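To keep things clear, I will list the structure first and then write my remarks on it.
Everything quoted here is computed from the prediction, not taken from an experiment. Numbered from 1 within each chain, the chains take letters A, B, ... in sequence-line order.
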Amino acid sequence: GQQLNQSPQSMFIQEGEDVSMNCTSSSIFNTWLWYKQDPGEGPVLLIALYKAGELTSNGRLTAQFGITRKDSFLNISASIPSDVGIYFCAGRYNNNDMRFGAGTRLTVKP
Amino acid sequence: ETGVTQTPRHLVMGMTNKKSLKCEQHLGHNAMYWYKQSAKKPLELMFVYSLEERVENNSVPSRFSPECPNSSHLFLHLHTLQPEDSALYLCASSLRTGANVLTFGAGSRLTVL
């Protein structure tokens, strides 16, 4: 159904490295969102995508809405220690419930 | 501080206890939500309220009972929970139901012994 498969499940990287994570589904969505959850906090919206093919940046973060409408990716360039946290993708089709992926846990080693 | 405040932040309870989680927002949002977050699983939507009326109940066991006395406050009453109910319970709000931007609280970490 509208299950979102997010990968990788976790990443351990060195400070300064670039990061790439993605989210796929067998269903189409017309909105993709990326949230970040800092340790001990709730998720906070990073980027929202509303059109197939759309590429949007927010500082060092770049996200794309896949052409097939069944996937999205998030890239982080030149990672820093405060990038640590759990990154969730989320998708919505029309007025259906928002679906979340299981998250990618990012650890950044100084 | 996101504007959505949850209390308590941590709660330990026995299976026979009755407790409540509280959520408060003064963002002027009309929709409020309860989500359950378990490790390595997607966020699970439990309940949705729009202007104090429950619009969705996603097959949640009756041991979880929500209450929305006004558009700024949301409660989750807990009774005779099971150990597998231990999780982080997140409250969120949005301008209206169906909005894509959710504002989350920091969550209430629940442990059921």
**Message:** Would you say B:Val60 ends up clustered with B:Val112 if hydrophobic residues are merged whenever their side chains have heavy atoms under 4.5 Å apart, either directly or through other cluster members?
**Reply:** yes

**Prompt:** Could you name the residues of residues 33-40 of chain A that have a heavy atom within less than 4.5 Å of a heavy atom in chain B?
**Reply:** A:Leu33, A:Tyr35, A:Gln37, A:Gly40

**Prompt:** In terms of heavy-atom proximity below 4.5 Å to chain A, should B:Leu45 be classed as side chain, backbone, both, or neither?
**Reply:** side chain

**Item:** Per-residue contact mode, B:Arg9 against chain A (heavy atom under 4.5 angstrom)
**Value:** side chain

**Asked** Same cluster for B:Leu21 and B:Met15 if Ile/Leu/Val/Met/Phe/Trp/Tyr side chains link at under 4.5 Å?
**Response** yes

**Message:** Distance check, rounded to the nearest 0.5 Å: B:Asn100 atom CG versus A:Thr31 atom OG1?
**Reply:** 4.0 Å

**Message:** Counting only non-hydrogen atoms closer than 4.5 Å, does B:Leu102 touch chain A with its backbone (N, CA, C, O), its side chain (CB onward), both, or neither?
**Reply:** both

**Asked** Taking a hydrophobic cluster as the set of Ile, Leu, Val, Met, Phe, Trp and Tyr residues connected by side-chain heavy atoms closer than 4.5 Å, whether directly or through intermediates, do A:Leu46 and A:Leu4 fall within one such cluster?
**Response** yes

**Request:** Mind listing the closest non-hydrogen atom pair of A:Gly42 and B:Leu90 along with its distance?
**Result:** CA-CD2, 4.1 Å

**Message:** Once rounded to the nearest 0.5 Å, what's the spacing between atom OG1 of B:Thr97 and atom CE of A:Met98?
**Reply:** 11.5 Å

**Message:** Could you check whether atom CZ of A:Arg92 has more than 12 heavy atoms from other residues, nucleotides or ligands sitting under 6.0 Å from it?
**Reply:** yes

**Message:** Taking B:Tyr49 as the starting point, is it possible to reach B:Trp34 by hopping between hydrophobic residues whose side chains are less than 4.5 Å apart?
**Reply:** yes

**Request:** Answer with side chain, backbone, both or neither: which region of B:Lys40 has an atom nearer than 4.5 Å to a non-hydrogen atom of chain A?
**Result:** both

**Request:** Find out whether A:Phe100 and B:Gln37 are in side-chain contact, i.e. whether some heavy atom of one side chain is under 4.5 Å from a heavy atom of the other.
**Result:** no

**Message:** Counting neighbours of CD on B:Gln82 that are heavy atoms of other residues, nucleotides or ligands and sit closer than 6.0 Å, is the number greater than 12?
**Reply:** yes

**Asked** Can you tell me if OH on A:Tyr93 sees more than 12 non-hydrogen neighbours from other groups inside 6.0 Å?
**Response** no

**Prompt:** Are A:Phe65 and A:Met21 in one and the same hydrophobic cluster, where Ile, Leu, Val, Met, Phe, Trp and Tyr link if side-chain heavy atoms are under 4.5 Å apart?
**Reply:** yes

